[in-house]
Amino acid sequence: MVAHARAGALAATALLLAGVLAGCEDGTDDKPGKQADGSTAASPPAAPSSTASGKPELPAVPVSLTSQRLDWNRCEAPAGGSAPGSAWRCATVEVPLDYTKPDGTTIGIALIRKEARDKGRRLGSMLFDFGGPGGSGVSILPRAAGSYGKLNSRYDLVGFDPRGVARSAGVRCRSDQEQEDANRKVDMTPDTAAEEAAFMKDGAAFGAGCARRSGKVLPFVGTTNAARDMDLIREVLGDRKLTYFGMSYGTELGGTYAHLFPANVGRTVLDAVVDPTADTIGHARNQATGFQRALDNYFRDRGQDPKAGTRRIARLLARIDRKPLPTGTSRELNESLALTGIVMPLYSKDSWPFLTKALDEAEGGRGSLLLQQADSYNGRDAKGHYDTESHSQRAISCADSRARPTAAEARALLPEFEKLSPVFGAFLAWDTAGWCSGWPVKGEHDTPEASAPGAGPVLVVGTTGDPATPYEGARKMADELGKGVGILLTNKGEGHGAYGRNTCVTSTVDTYFLDGKVPADGTTCP
């Protein structure tokens, strides 16, 4: 799979999907507020003074960091996995924890690299972000590298774990057992006051756990700092400009980088694009629209009426909510896990036949296949261990967004969202109050800034049937980047992301990266 979206329960990354909801209280004022556990919310670092353009003017990063030499060694095996092949090398680059105090504490950002095969025609390094937020590029890139073989002929492929992720001061918020209990007990679409209270309490507990285990880094894990890390990585790697391939949340990171460092933007592709104009509720609204669109297309592909198919799934979910399904293990399939299990196959048309089998099995009274999909999405292995991608995802999202919708505000969205999607609407409406409940750090902005006047052309790829980052976001990203910068390439197809799935898109992207040939804005791939 390719990379996935940002914001909320239906956000995920390329090969490892994540997303467990919880609840949220209003925290949009400028003063620190009391959290559910009685602690005080930490404000982000004081905003530095701004230039006339409105961009923050930061102290210079010390030469000791910009001139550091990387020690590339054989890579260690990730937790629960195997080490990549001998062609891969790993290193750590030191970056400021707080860019307003660049001479202070540093953290290590983990890198992985596979050098270009054609050394005589090498173009430089290509940095990847596969989405999330929270995806580990160090783990994902070696597994995905087969898709980028042509690019690897002339580029070093470089992946990284963004700050707050995995090997880069990774955020951890709760234990495996706490995660298992939440998945089993917390209803993500609460129907009663008791369920709502449990939903909100779990969100606050998640944030409190992050503060206990990772409080030092929480104020600094936002996308703006990750973009600054990318520019330092570029400089340390010796590249005059950044060549970048961002997918899903990686498109938001790429847009942020282009805004902050327009003069350093090299050949850049953004695929499966997050709408930079959408706030927290806007993202949820977009995903309700996108996933329902994908579900409708799934039913049409099978010669079924989308409205009738949607009603059928809604009835199934209501039945599971009343009585969870057995799975052949000690674990049951509840409504929340069933919803997650339905979401997972919608990311790729190739998975639609599996969705048919899983739904047929569930209607027959057994939930094994949907639970299997939910476990994959939630990062749970066969031994009950969970990865921490969902922890990083929420920490980064909540560091970015100031929004802290209340339960009452989420409840008020239900009629609109359930009309947008009878299957996913309530799930996503509640998610707006469930993502940053009691979060111990204030968010940075309402929406990210992506305007990049003076930057080189950025190829923005949107897929018309993308469920997680609906196509409309690609046009908005191209517009936000600015005239002559954002170049829209449309893929008429299904699934989350186009590169490696659509031959026309793949060829166009390869030609841009390798030859610098920019397609006409508005080009469409059938």
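Not measured: the values here are computed from a predicted model.
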Judged by modelled atom types alone, do E444 and T223 share a side-chain donor-acceptor pair under 3.5 Å?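 No, because no side-chain N or O of E444 sits under 3.5 Å from a partner of the opposite role on T223.
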
Taking 4.0 angstrom as the limit, do E472 and R293 come out as a salt bridge?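 Looking at E472 and R293, the cut-off is met.
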
Identify whether the distance between the nearest side-chain nitrogen and carboxylate oxygen of R331 and D375 falls below 4.0 Å. yes

Pairing donors with acceptors under 3.5 angstrom, does anything connect the side chains of S401 and T280? yes

Using modelled atom types and a 3.5 Å cut-off, is there a donor and acceptor pairing between side-chain atoms of S368 and backbone atoms of T327? yes

Return the CG to CG distance between D279 and D446, rounded to the nearest 0.5 Å.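 Output value for this atom pair is 7.0 Å.
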
Working to the nearest 0.5 Å, report the span between CD of E361 and CG of L333. 9.0 Å

Taking D161 for its side chain and V138 for its backbone only, find out whether a donor-acceptor pair lies under 3.5 Å.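 Side chain of D161 to backbone of V138: a pair is present.
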
What residues form a salt bridge (Lys or Arg N to Asp or Glu O under 4.0 Å) with R163, not counting sequence neighbours?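 R163 satisfies salt bridge (Lys or Arg N to Asp or Glu O under 4.0 Å) with D229 only.
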
Side-chain donor/acceptor of E335 to backbone N/O of I320, under 3.5 Å: no

Looking at side-chain heavy atoms only, is the closest gap between S392 and P133 below 4.5 Å? no

Could you check whether R174 pairs with D202 (Lys NZ or Arg NE/NH1/NH2 to Asp/Glu carboxylate O, under 4.0 Å)?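 Between D202 and R174 there is a salt bridge, with a charged N closer than 4.0 Å to a carboxylate O.
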
Taking E480 for the side chain and P276 for the main chain, is one N or O donor matched with an acceptor at less than 3.5 Å? no

Apply side chain to side chain contact (heavy atoms under 4.5 Å, CB included) to R228 and Y257, showing your working. CA-CA 7 Å; R228 293 180 180 129; Y257 180 88; over 6 Å; no

Distance-only, no hydrogens or angles: does the R380 side chain make a donor-acceptor pair with backbone N or O of A374 under 3.5 Å? no

Check whether any side-chain N or O of N334 sits under 3.5 Å from a backbone N or O of R184 as a donor-acceptor pair, and report yes or no.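 Such a contact is found between N334 side chain and R184 backbone.
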
Strictly distance-based, threshold 3.5 Å: is any side-chain N or O of E195 a donor or acceptor partner for the main-chain N or O of D191?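 A pair under 3.5 Å: yes.
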
Applying side chain to side chain contact (heavy atoms under 4.5 Å, CB included), can you list everything that pairs with A308, at least two apart in sequence or on another chain?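 Residues passing side chain to side chain contact (heavy atoms under 4.5 Å, CB included) with A308: D305, R311.
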
Within the side chain of Y244, is there an N or O that forms a donor-acceptor pair under 3.5 Å with the backbone of G250?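 Yes.
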
Would one find more than 12 heavy atoms of other residues, nucleotides or ligands at under 6.0 Å from atom CZ of R172?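 Atom CZ in R172 is not crowded, with 12 or fewer foreign heavy atoms closer than 6.0 Å.
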
Check A395 against W439 and note the closest heavy-atom contact, atom names and distance. CA-CZ2, 3.4 Å

For F513, check ring pair (Phe, Tyr, Trp, His ring centres under 6.0 Å) against everything at least two apart and list the hits.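 Ring pair (Phe, Tyr, Trp, His ring centres under 6.0 Å) list for F513, sorted by chain: F245.
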
Does S390 reach the main-chain N or O of T388 with its side chain, forming a donor-acceptor pair under 3.5 Å?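 Side chain of S390 to backbone of T388: no pair is present.
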
Just so I know, are the side chains of T511 and S507 near enough to count as touching, which here means a heavy-atom distance under 4.5 Å?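 Contact flag for T511/S507 side chains = yes.
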
Is F160 close to D129 at the side-chain level, that is, under 4.5 Å between some pair of heavy atoms? yes

Closest approach of G290 and P470, non-hydrogen atoms and distance? CA-CG, 3.8 Å

Is a side-chain N or O of T256 found less than 3.5 angstrom from the main chain of T224, in a donor-acceptor match? no

Among N502, T508, T506, the one residue meeting side-chain contact (heavy atoms from CB on, under 4.5 Å) with N491: N502

For the residue pair G135 and P162, what are the closest heavy atoms and their distance? O-CD, 3.8 Å

So which heavy atom on A468 is nearest to which on Y347, and how close?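 Smallest interatomic distance, heavy atoms only, reads CB-CE2, 3.4 Å.
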
Enumerate the residue pairs fulfilling ring-ring contact (aromatic ring centres under 6.0 Å, His included) with a member in residues 387-422, sequence neighbours excluded, ordered by first and then second residue.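 Counting only pairs at least two positions apart or across chains, the ring-ring contact (aromatic ring centres under 6.0 Å, His included) contacts touching residues 387-422 are F206-H391.
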
Can you check side chain to side chain contact (heavy atoms under 4.5 Å, CB included) on T432 and E409, steps first, answer last? CA-CA 9 Å; T432 64; E409 289 168 332; over 6 Å; no

Residues two or more places apart in sequence or in another chain: which of them pass salt bridge (Lys or Arg N to Asp or Glu O under 4.0 Å) with R312?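 Listed in chain order: D360, E363.
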
Would you check if there is a donor-acceptor pair between the side chains of T356 and Y298 at a distance under 3.5 Å?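 Indeed, the side chains of Y298 and T356 share at least one donor-acceptor pair under 3.5 Å.
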
Rounded to the nearest 0.5 Å, how far does CH2 of W435 lie from CZ of R394?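 Rounded to the nearest 0.5 Å, the CZ-CH2 separation comes out at 5.5 Å.
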
Is S136 close to E389 at the side-chain level, that is, under 4.5 Å between some pair of heavy atoms?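 SC-SC contact between E389 and S136 ruled out.
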
Mind checking whether L242 and F261 have side chains closer than 4.5 Å, heavy atoms only? no

Could you grab the distance from atom CG of L428 to atom CE of M188, nearest 0.5 Å is fine?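 Atom-to-atom, L428:CG and M188:CE are 11.0 Å apart.
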
Hey, could you give me the CD1/CD distance between I281 and E416, rounded to the nearest 0.5 Å?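 So the CD1 of I281 and the CD of E416 are separated by 9.0 Å.
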
Nearest 0.5 Å please: distance from the CD atom of Q179 over to the SG atom of C173.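 Answer rounded to 0.5 Å: 9.5 Å.
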
Please identify each residue that fulfils side chain to side chain contact (heavy atoms under 4.5 Å, CB included) with Y471, with sequence neighbours left out. T464, L488, T490

Heavy-atom pair with the smallest gap, counting every atom of V221 and I396: O-CG1, 3.4 Å

